[in-house]
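The next block holds one structure in the form of structure tokens; read it before the comments.
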Amino acid sequence: MNYVPDYSIEKLHPADYNPRVISADAFEKLKESISKYGMVKPIILNGTGILTAGHQRIRACKSLGINNVPAILLKDISLHDEIKFNLFHNSIETNKTDVKILNIQDVPFGYSFVDSINVICGDNKNAPVTKHIADLYLRYDNWGSVVVDEFGNIILNSDYAYVMKSYNQPVLIYKMPNTQIDGFLAAIGIDYGEYNYGALNIKPYVQYHCQMNRIKSDEKESIRSTLYEQHLLKVLKKEQNIIDFGAGKFVYVNYLKSKGYNILGYEPYFKKNNHQILISKVIKDIDNIRRNVILNKLFDIVILDSVINSITSLDYENYVMTTCNALMKSNGTFYMATRSMEKIDERTRATKTTMKSRIIEFLDKNNFSATFRQGNWTLQRFHTVESLKSLVEKYFNDVKVIRGTSQNYAICKSPKNLGKEKYIKALEIEFNMEYPDNFRHNTHKPLVEEILKNLEERCSQ
């Protein structure tokens, strides 16, 4: 570990992507905590001096006139890894596993290193978190620290010490007088910041990185859509007029077409073989939808499979849902799947894990979570059964919500009349999405006019 006990704040460069914000009240409490207990956690820097973890504490130190702080310097890492570390760091300073430091009486107050032989651990009680701590250690080396009382009990970040013990690594500790422990624990229980991704200005077109790599054919039966497999394939009829809104790679659309179903798909960010977006296909699909609406009116079945997970704001959530409402016949049915918030809660409470994928999500107040993929920020939103029900009830009168294992589902009928102005705005946006370099294809108006024409008839019934 490259630990510097008195790193100059003047040498620091805050990361411009930091997604956490802090209220004025919490900021004052943070300053009070630092004044009373000091900097008991080092800040963390990347190899070029960019602040990776500790932005709010540095702000507080500057406000208090503190010029030097304890710091841990990571080795040179990529921007992708730096952002990943920034996200994970605040979510894995947990204290579930029992860990004790031996011979603590020989250790002075403040910062010291202790050898792993003096670290005694109980059973791992936080496997999902320790997995990620281990991943960060293997990628960035020894990067964390713990807080210990005068008896050697770790009172902050014991799960980190557990991982360091498993790798026979020394542990950086901060020994605190017992008289300060209760006050310190109360101070760290305050939320000193929350995730807010609005400042990242994430464009909708980067969300294609979130598309599921589905496989569906008679020969290959993996990576299936649970919405299609559990709720659609057994009820769809070939005479129905069907649209999959946000069809991704068109796997199920093409599969059902090959079986004789009358189904269309729309995906504004369709990519073939993960190359550039094929806007020519998007334009062709829009025209196919227009021709279908002229011939068959609106749709009997509207499908929204995991699309609502990948919206970039609540406004876009509204545009998607309004458009799905607009595409439905008055007696049509809407089928929807979305990632389950309950599943996130379950896996973060798990006592063991064999998962290779990310377990921890970094949620803002609207249950958006950010991931840095292939050089771009992307967002995913999670829904509980209750929040999904609340959402779909804004757009449909007849609502059924089902809790699944990893996804929640909604089956809705009787679309509400949302008003012409709302329909126009949503349809204009959803069928004329923004592309890189501020490009829009502007070929959507004939389709929008046909849908509005049919909506007038539907709403007058």
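What you see is a predicted model, and the numbers here were worked out from it, not measured in a lab. Only this structure's heavy atoms are used, side chains among them; waters, hydrogens and symmetry mates stay out.
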For this session: Indicate the atoms forming the closest heavy-atom contact of A60 with F27, along with that distance.
Result: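 In this case the closest contact between A60 and F27 is N-CE1, 3.6 Å.
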For this session: For residues N309 and R339, report the shortest heavy-atom separation together with the two atoms involved.
Result: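 Closest heavy-atom pair between N309 and R339: ND2-N, 2.6 Å.
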Exercise. M336 and side-chain contact (heavy atoms from CB on, under 4.5 Å): which partner among L227, I411, L388?
Worked result: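 One option only clears the test, and that one is L388.
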For this session: Only one of L298, N292, V293, I289 passes side-chain contact (heavy atoms from CB on, under 4.5 Å) with I243; say which it is.
Result: I289
Problem set entry | Chi angles and distances behind the side-chain hydrogen bond (donor to acceptor under 3.5 Å, both in side chains) call for N126, T97 | CA-CA 7 Å; N126 204 5; T97 302; over 6 Å; no
Kindly say whether [Y] contributes a backbone atom to a donor-acceptor pair with the side chain of [X] at under 3.5 angstrom?
X: S33; Y: K29; value: no
X: Q169; Y: M164; value: no
X: K234; Y: Q230; value: yes
X: D159; Y: V129; value: no
X: N432; Y: H444; value: no

Exercise. What pairs with Y395 under ring-ring contact (aromatic ring centres under 6.0 Å, His included), at least two apart in sequence or on another chain?
Worked result: none
Problem set entry | Those residues that, when tested against Y335, pass ring-ring contact (aromatic ring centres under 6.0 Å, His included) (two or more places apart) |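 So Y335 forms no ring-ring contact (aromatic ring centres under 6.0 Å, His included) with any residue.
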Ionic contact status for [Y] with [X], cut-off 4.0 Å:
X: K297; Y: E457; result: yes
X: E450; Y: K453; result: yes
X: K281; Y: D285; result: yes
X: D287; Y: R290; result: yes

Exercise. Do the rings of H231 and Y409 sit parallel, tilted or perpendicular, given the 30° and 60° boundaries?
Worked result: tilted
For this session: Applying side-chain hydrogen bond (donor to acceptor under 3.5 Å, both in side chains), run through N95 and S158 and close with a yes or a no.
Result: CA-CA 5 Å; N95 213 58; S158 66; 3.2 Å; yes
For this session: Output, in order, the C-alpha distance, side-chain angles, deciding distance and verdict of ring-ring contact (aromatic ring centres under 6.0 Å, His included) for F431 and Y266.
Result: CA-CA 9 Å; F431 288 113; Y266 173 66; 4.8 Å; yes
Listed by chain and number, what are the side-chain contact (heavy atoms from CB on, under 4.5 Å) partners of [X], not counting sequence neighbours?
X: F439; result: I279, Y435, H441
X: K445; result: E428
X: S390; result: none

Taking everything shown except [X] itself, do over 12 heavy atoms lie less than 6.0 Å from its [atom1]?
X: D123; atom1: CG; value: no
X: K400; atom1: NZ; value: no
X: E421; atom1: CD; value: no

Problem set entry | Check against side-chain hydrogen bond (donor to acceptor under 3.5 Å, both in side chains), Y423 and N325 | CA-CA 9 Å; Y423 284 128; N325 167 297; 2.6 Å; yes
Problem set entry | Pairs involving residues 323-333, ordered by first then second residue, that meet salt bridge (charged side-chain N to carboxylate O under 4.0 Å, His left out) (sequence neighbours left out) |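 Sorted pair list: D300-K329.
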Exercise. Rounded to the nearest 0.5 Å, how far apart are CD1 of I44 and CD1 of I72?
Worked result: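 Atom-to-atom, I44:CD1 and I72:CD1 are 5.0 Å apart.
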Exercise. Any side-chain heavy atom of N241 sitting closer than 4.5 Å to one from Y261?
Worked result: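 The answer is no, as the side chains (C-beta and beyond) never meet within the 4.5 Å cut-off.
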Problem set entry | CA sep, side-chain torsions, deciding dist, call: Q407, S306, side-chain hydrogen bond (donor to acceptor under 3.5 Å, both in side chains) | CA-CA 9 Å; Q407 291 193 301; S306 302; 2.8 Å; yes
